[in-house]
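Just so it is clear: chains get the letters A, B, ... in the order the sequence lines come, proteins before strands, and each one is counted from 1. Just the heavy atoms: all of them, side chains too, but no hydrogens, waters or symmetry mates, feed the values below.
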4 protein chains.
Amino acid sequence: MARQRKKSEIRKQQILDAAIAVFAEKGFHSSRVSDIARRAGVAYGLVYHYFDNKEEILRTIFLERWTFILQVIENLLNEDKRSAIDRLRSFLIFIIDVYKRNAALVDVIMLELLHSPEFMREEVVRGFQRAAGGIEELMRQGQEAGEIRKKTNPTTFAVLYFGAIEVTFNAVALRVVDIDAMPSEDWADSIMDQLSHGIAARD
Amino acid sequence: MARQRKKSEIRKQQILDAAIAVFAEKGFHSSRVSDIARRAGVAYGLVYHYFDNKEEILRTIFLERWTFILQVIENLLNEDKRSAIDRLRSFLIFIIDVYKRNAALVDVIMLELLHSPEFMREEVVRGFQRAAGGIEELMRQGQEAGEIRKKTNPTTFAVLYFGAIEVTFNAVALRVVDIDAMPSEDWADSIMDQLSHGIAARD
Amino acid sequence: MARQRKKSEIRKQQILDAAIAVFAEKGFHSSRVSDIARRAGVAYGLVYHYFDNKEEILRTIFLERWTFILQVIENLLNEDKRSAIDRLRSFLIFIIDVYKRNAALVDVIMLELLHSPEFMREEVVRGFQRAAGGIEELMRQGQEAGEIRKKTNPTTFAVLYFGAIEVTFNAVALRVVDIDAMPSEDWADSIMDQLSHGIAARD
Amino acid sequence: MARQRKKSEIRKQQILDAAIAVFAEKGFHSSRVSDIARRAGVAYGLVYHYFDNKEEILRTIFLERWTFILQVIENLLNEDKRSAIDRLRSFLIFIIDVYKRNAALVDVIMLELLHSPEFMREEVVRGFQRAAGGIEELMRQGQEAGEIRKKTNPTTFAVLYFGAIEVTFNAVALRVVDIDAMPSEDWADSIMDQLSHGIAARD
DNA sequence: AATGAATGAGACTTCATTCAT
DNA sequence: TATGAATGAAGTCTCATTCAT
């Protein structure tokens, strides 16, 4: 039984992985169920054995994968004892490394879920709000610790922070930037330096 | 003839406006040519009188509208004699006001063109690079004027700057933020304060 | 008025000529009314001023042109005082020369009318029967004059005779044969020799 | 599997047979894929399961069926030990009988392929040239055997021979002649007599 | 579990024809 | 006469989904 369960689970993962790859390449709407099946090496009828329909595949990707990422984020942000700015830098490095290891997944999240079909809007928004809430909380911790400027608006900061991530991923997706040629630390340092000290010259 | 020309031009604009509205609502792929026609109040056959196909409608929107926006950007950035930071703030206000007046258009640009169908990728990338180049140039002007910190990397700044715009528009598109309740100046001030002074507490 | 009539007549001919050219090139079904109009150098709406619909253009071509050819045939066959075989040879030369001067027209007759749309079947059949009847009559004249073998079946002969013409025109239409490189007299002589003397060796 | 293969093969034949019938009735251009499907008793989507598009159906008919006929021709012509004229008569009988048994197929070949859509022109021409080549070769054999008049031009003969077939089939297709009322042998004898002995009276 | 044949809604697009100017 | 904008029926083809095996 356990054997069966596992085999079935593996098949499902095969299909999900294939779906991520195909969605990343062609987008959700332009991907055919048969593309996914072919990529997974199964007959397309089998896809319907594991998923109710095409939408559910996307939803499952979101739930299984992205939610997982969000949890990692939360853990990283909440449990770490380092300074807030340090943790923000760590997360940038972490998220870029996730991309480097699984670009297709992040592409799907960026290109498909973020600008998401009606049927997923609510879930997506909730997910983002959780993430943004985590960052804001982190900022408040930093402010209490005297490490973050009191005048900083945590929400505005979260906007800039996620904006930096989003725009970077978009640039990569559009092939304007070659992510493999970009050391994660350098990028993170560059962003965090800017966010920390601003652009204004000090007299 | 001139009369005819004008009437024909008006019809074309009607269809383009309808297309922007429909694309903004449902996205390019989910929009039917018949949706656009109905919205424009014409028979769907007429759409093909003015455009070769659905793709060309999107391409025309991009060329006619976004290119126009980019020109406005360039003018604003290059011709203004105010301080760089002031001009960056002005542009934020300008772009948000464009959105307030024509949310659908910006939605289409954000949701469809940015994560663009293969057939437009190159044009879109070129368009963005022009815009980013403008911001970087502005930064350099500010650095020469002693107004912008020399250590600032203009490219990184452009990333943060556009990231802020993108993520804001996305938030609006996802209805997380109500843009009408958000005074343009306050938002711009908030973003520019952050970008100017950073989050780090000063000893 | 006469002036008007003539101008109107000329326009109509322009459109017919254009239609013949276009039908010959692309076939009736694949030809668009706008193709014909463009070829004739008029707006496509004007076509409907002169013809009720597309079918009527084809029908008019048939009636005006092919009927005319058939009359020429009849005259040639009936009025000529030369021997029957001579006259048959003359007609072959004549018909090939018609082709050389107006290939498109003959192509339309061969490719479109012969394998004709339902709406023209009857007229086409009648036209052919008239032509075949002419040939048969000619044969009988020849038999009475002792010039043509009595055993010859006039109908069978007409089949072979028209078959030779049809298959030649088809070969030209399919570009298997270059009609301009083929002297009309040689071709006619070759066919008539065959038809006159047969292939069987004489003991 | 073998069972599956066979069933699938049968379905494909069903659709091809339906297509032949429909094409013969209405012509390629006027035939709707849905007509074919309805005739075959399947949903029209299934047609696209077996064929890429409508053109491919016609091409398959040509390749599978006509090529087969040509092979039969070649065998008949090359392998037979009887006199050339005898073999030519046999082939006429054979081809008429093919028609009697499968009029639709021959109609399609005559009406659609012969005056063929651009996309098949080359294949069709090649096919015809093979057939004509066979006839010419047969003539030469007959000339060497002293059975055929040396003066006969094999190519001209082939023109007349195929012309007779084509014009007969056309006459049947146009319903000028009732093929079922026409004994194959009589027709073949009539044609061959004419072709053998000519029409000229012998002094 | 697995296959892929079968279905049919639905989308794009073409183009003959009408009609206002 | 002449134009070409406007209409919409009709056709091809795609593809998500179902289902028999």
Enquirer: Answer yes or no: does a side-chain N or O of D/H49 lie under 4.0 Å from OP1 or OP2 of E/dA6?
Expert: no
Enquirer: With heavy atoms under 4.0 Å as the rule, sort A/Y50 into base, sugar-phosphate or nothing.
Expert: sugar-phosphate
Enquirer: Using Watson-Crick or G-U wobble geometry with both distances below 3.5 Å, tell me the partner of E/dA20, or none.
Expert: F/dT3
Enquirer: Both C/G45 and D/V47 contact DNA chain E. Which one's nearest nucleotide lies toward the 5' end?
Expert: D/V47
Enquirer: Filter on side-chain hydrogen bond (donor to acceptor under 3.5 Å, both in side chains), then keep only pairs touching residues 39-51 of chain D, sequence neighbours left out; what's left?
Expert: D/E25-D/R39
Enquirer: Are A/N102 and A/V106 side-chain neighbours, meaning at least one heavy-atom pair lies under 4.5 Å?
Expert: no
Enquirer: If you pin B/G41 and C/V42 to their nearest nucleotides in DNA chain F, which one's is more 5'?
Expert: C/V42
Enquirer: For B/F51 and F/dA5, give me the distance from atom CZ to atom C1', rounded to whole Å.
Expert: 14 Å
Enquirer: Would you mind reading off the distance between A/H29 atom NE2 and E/dC12 atom P, rounded to a whole angstrom?
Expert: 12 Å
Enquirer: With a 3.5 angstrom cut-off on both distances, give the Watson-Crick or G-U wobble partner of E/dA1, or none if there isn't one.
Expert: none
Enquirer: Atom CG of D/D52 to atom C1' of F/dT14: distance rounded to whole Å?
Expert: 12 Å
Enquirer: Within this structure, what is the CG-to-P distance between B/N53 and E/dA11, rounded to whole angstrom?
Expert: 17 Å
Enquirer: Could you tell me whether the side chain of B/D35 and the main chain of B/R32 form a donor-acceptor pair under 3.5 Å?
Expert: yes
Enquirer: Using atom CD of B/E9 as one end and atom C1' of F/dG4 as the other, report the distance to the nearest whole Å.
Expert: 15 Å
Enquirer: Heavy-atom distance under 4.5 Å between the side chains of D/L105 and D/I61, does that happen here?
Expert: yes
Enquirer: When you measure from the centre of the six-membered ring of C/F23, is the NZ or CZ of C/K54 closer than 6.0 Å and no more than 45° off the axis?
Expert: no
Enquirer: State whether the distance check finds a donor on one side and an acceptor on the other, under 3.5 Å, for side chain A/Y44 versus base E/dA2.
Expert: no
Enquirer: What is the distance, rounded to the nearest whole Å, between atom NZ of D/K54 and atom C1' of F/dT12?
Expert: 8 Å
Enquirer: Could you give the CG-to-C1' distance, from C/L46 to F/dG4, as a whole number of Å?
Expert: 12 Å
Enquirer: Determine the minimum heavy-atom distance between B/A24 and B/V108, stating which atoms define it.
Expert: N-CG2, 3.5 Å
Enquirer: Could you check how far CD1 of C/I57 sits from P of E/dC15, rounded to whole Å?
Expert: 15 Å
Enquirer: Sequence neighbours left out, what passes side-chain contact (heavy atoms from CB on, under 4.5 Å) with C/A103? Give chain and number order.
Expert: C/Y99
Enquirer: Hey, can you pull the residues of residues 30-38 of chain C with a non-hydrogen atom under 4.0 angstrom from DNA chain E?
Expert: C/S31, C/R32, C/V33
Enquirer: Tell me whether the OP1 or OP2 atom of E/dT3 has a side-chain N or O from A/Y48 closer than 4.0 Å.
Expert: no
